[in-house]
Asks: 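Just passing along the structure, written as C-alpha cells.
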Amino acid sequence: ARVVDIVSGGVARGYSFLDPLFVRKKGRDIIKAMEDTDTIHLKNGSFASLSEGQRQRVLMARALASDPCLMILDEPTSAMDITSESVVFEILEHLRSVRNISIILISHNLPVISKFATHGLFLGRDDAIVVSGDIATVVNHEVVREKYGLSLSEEVVNRFS
C-alpha cells in the first residue's frame with residue numbers, strides 16, 4: 001500500500017454518502033497529519049519500503065488524520081536508532097503543543113522520556129513501587145534515582161529552569 005493509503009485509513013470512520021464533501025474535507029486532514037509528522041514527502045511511496053522510524057511517523061499520521069484529542073502509544077520507538085527516536089519525540093512534542101493533544105506513552109527508556117514528558121508513572125515491579133506525578137517528582141523519587149542515577153534528575157531540573 002502507498003503511504004497516503006495507510007494514512008487515509010485513519011479517517012474512514014464517519015463516511016456517509018449524505019456528506020458529499022467528506023472526502024475533500026478529510027483530504028485536508030490527511031495532508032495536515034502528514035505535514036505534522038514530516039511524512040508528506042513519502043506520500044506516494046510504498047509503506048513496506050519505509051524504515052522503522054518512517055513507519056512509526058506514518059502510523060502517527062494515520063492516528064492524527066481523525067483529529068483525536070488523545071493518542072496512546074506503546075513503545076513507539078522500540079526498534080529505532082537514537083537519531084530516529086529523537087525525531088519521533090520532537091514530533092510528539094510539536095503535536096502536543098500545536099494540536100493541543102494529550103499523549104500517553106509507554107516506554108522503558110526513562111532517560112529519553114524524561115527529556116520530553118511533563119508527567120510520569122513509574123512502575124517498579126522489583127521494588128513493588130508506583131511513583132506518579134510531574135516528571136520532576138518521578139525522577140527525584142529515591143528508587144528511580146537509585147536505578148537511573150542523579151544525572152537523570154539533574155537533566156529534568158535543567159529542562160524546567
Side-chain angles (χ1 to χ4, degrees), residues 3-4 6-11 13 28-43 45 47 49-161:
V3 168
V4 70
I6 298 293
V7 177
S8 297
V11 296
R13 195 180 89 220
R28 288 189 298 265
D29 294 341
I30 291 164
I31 296 301
K32 174 80 171 109
M34 293 179 80
E35 289 171 346
D36 284 351
T37 56
D38 192 26
T39 56
I40 193 73
H41 64 286
L42 304 170
K43 178 170 86 166
F47 183 75
S49 68
L50 301 178
S51 70
E52 189 61 35
Q54 291 169 328
R55 285 181 185 198
Q56 285 296 346
R57 292 193 335 257
V58 167
L59 294 174
M60 279 192 276
R62 179 186 171 107
L64 289 170
S66 65
D67 197 27
C69 58
L70 171 70
M71 284 177 63
I72 301 174
L73 306 169
D74 185 9
E75 297 283 351
T77 61
S78 63
M80 291 183 203
D81 60 48
I82 223 162
T83 304
S84 297
E85 184 175 57
S86 292
V87 169
V88 167
F89 283 118
E90 287 169 12
I91 288 171
L92 290 173
E93 178 64 21
H94 171 77
L95 294 174
R96 190 180 62 78
S97 63
V98 171
R99 284 190 175 230
N100 196 27
I101 188 171
S102 297
I103 299 169
I104 297 174
L105 189 129
I106 295 109
S107 179
H108 293 95
N109 194 342
L110 190 58
V112 172
I113 295 298
S114 66
K115 292 178 185 175
F116 298 95
T118 58
H119 292 77
L121 173 65
F122 176 82
L123 304 172
R125 181 176 52 185
D126 298 338
D127 303 303
I129 189 162
V130 175
V131 182
S132 66
D134 62 76
I135 196 66
T137 300
V138 173
V139 300
N140 282 311
H141 189 277
E142 65 183 80
V143 172
V144 176
R145 286 175 70 164
E146 184 179 301
K147 287 189 180 292
Y148 291 95
L150 185 59
S151 62
L152 180 64
S153 172
E154 290 169 348
E155 188 172 316
V156 170
V157 168
N158 291 337
R159 186 177 135 210
F160 291 106
S161 356

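Note that the coordinates shown come from a computational prediction; the quantities given were computed from them, not determined experimentally.
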Asks: How long is the straight-line distance from CG of L121 back to CG of L105, given to the nearest 0.5 Å?
Replies: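 One gets 12.5 Å once the value is rounded to the nearest 0.5 Å.
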Asks: Within a strict 4.5 Å, meaning less than it, do heavy atoms of the L92 and M60 side chains meet?
Replies: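 Yes, side chains in contact.
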Asks: Does any pair with a residue in residues 57-84 pass salt bridge (Lys or Arg N to Asp or Glu O under 4.0 Å), and if so which ones, sequence neighbours excluded?
Replies: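 As it turns out, the salt bridge (Lys or Arg N to Asp or Glu O under 4.0 Å) pairs with a partner in residues 57-84, which skip direct neighbours, are D67-R99.
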Asks: Judged by atom type as modelled, is there a donor-acceptor pair below 3.5 Å linking the side chain of S51 to the main-chain atoms of Q54?
Replies: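 At least one qualifying donor-acceptor pair exists.
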Asks: Would you name the heavy atoms of A63 and S66 that are closest together and state the gap between them?
Replies: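 A63 and S66 have their closest heavy atoms at O-OG, 3.1 Å.
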Asks: D38 vs V87, test: side-chain contact (heavy atoms from CB on, under 4.5 Å). Steps then yes/no.
Replies: CA-CA 10 Å; D38 192 26; V87 169; 5.7 Å; no
Asks: Should I31 and V7 count as side-chain neighbours, where that means a heavy-atom distance under 4.5 Å?
Replies: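 A side-chain contact is absent here, since even the closest heavy-atom pair is not under 4.5 Å.
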Asks: Please report the interatomic distance NE2(H119) to CG(D134), rounded to the nearest 0.5 Å.
Replies: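 Answer rounded to 0.5 Å: 5.5 Å.
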Asks: Please report the C-alpha distance between I129 and H141 in whole Å, then the side-chain angles of each, then the deciding distance to 0.1 Å, and finally whether the side-chain contact (heavy atoms from CB on, under 4.5 Å) criterion is met.
Replies: CA-CA 11 Å; I129 189 162; H141 189 277; 3.1 Å; yes
Asks: Going by an N to O cut-off under 4.0 Å, is there a salt bridge joining E52 and R55?
Replies: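 Looking at R55 together with E52, the answer is no, because their closest N to O distance does not fall below 4.0 Å.
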Asks: Any chance you could measure L59, atom CG, to L64, atom CG, to the nearest 0.5 Å?
Replies: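 Output value for this atom pair is 11.0 Å.
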Asks: Using side-chain contact (heavy atoms from CB on, under 4.5 Å) as the criterion, list what pairs up with E146, not counting sequence neighbours.
Replies: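 Residues passing side-chain contact (heavy atoms from CB on, under 4.5 Å) with E146: none at all.
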Asks: Is there a side-chain contact between V144 and N140, using heavy atoms and a 4.5 Å cut-off?
Replies: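 No, too far: nothing below the 4.5 Å cut-off.
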Asks: For the residue pair A65 and V11, what are the closest heavy atoms and their distance?
Replies: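 Minimum heavy-atom separation between A65 and V11: O-CG1, 3.1 Å.
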Asks: So, for A61 and A33, which heavy atoms are closest and what is the spacing to 0.1 Å?
Replies: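 Residues A61 and A33, closest heavy atoms: O-CB, 3.3 Å.
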Asks: Say you draw a straight line from CD1 of I101 to NE2 of H94; how long is it, rounded to the nearest 0.5 Å?
Replies: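 Rounded to the nearest 0.5 Å, the CD1-NE2 separation comes out at 11.5 Å.
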Asks: Starting at OG of S86, measure out to CD1 of I91 and round the result to the nearest 0.5 Å.
Replies: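 Reported value, rounded in 0.5 Å steps: 11.0 Å.
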Asks: Where does the angle between the aromatic ring planes of Y148 and F122 fall among parallel (under 30°), tilted (30 to 60°) and perpendicular (over 60°)?
Replies: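 The arrangement is perpendicular - the two ring planes meet at more than 60°.
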Asks: Compare all side-chain heavy atoms of T39 with those of L50 and state whether any distance is below 4.5 angstrom.
Replies: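 No; the side chains remain at least 4.5 Å from each other.
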Asks: Which distance, rounded to the nearest 0.5 Å, do you find between the CD1 of I103 and the CD of E93?
Replies: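 Here the rounded value is 8.0 Å.
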Asks: Which residues satisfy the salt bridge (Lys or Arg N to Asp or Glu O under 4.0 Å) test with K43, sequence neighbours excluded?
Replies: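 With sequence neighbours excluded, K43 shows a salt bridge (Lys or Arg N to Asp or Glu O under 4.0 Å) to no residue whatsoever.
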Asks: Check whether more than 12 heavy atoms from other residues, nucleotides or ligands sit under 6.0 Å from atom CG of L70, and answer yes or no.
Replies: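 Buried by this count: over 12 neighbours within 6.0 Å.
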Asks: Any heavy-atom pair between the side chains of T37 and V58 that's under 4.5 Å?
Replies: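 With C-beta onward as the side chain, the pair stays apart.
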Asks: Using side-chain heavy atoms (C-beta onward) and a distance below 4.5 Å, is T77 in contact with S84?
Replies: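 The answer is no, as the side chains (C-beta and beyond) never meet within the 4.5 Å cut-off.
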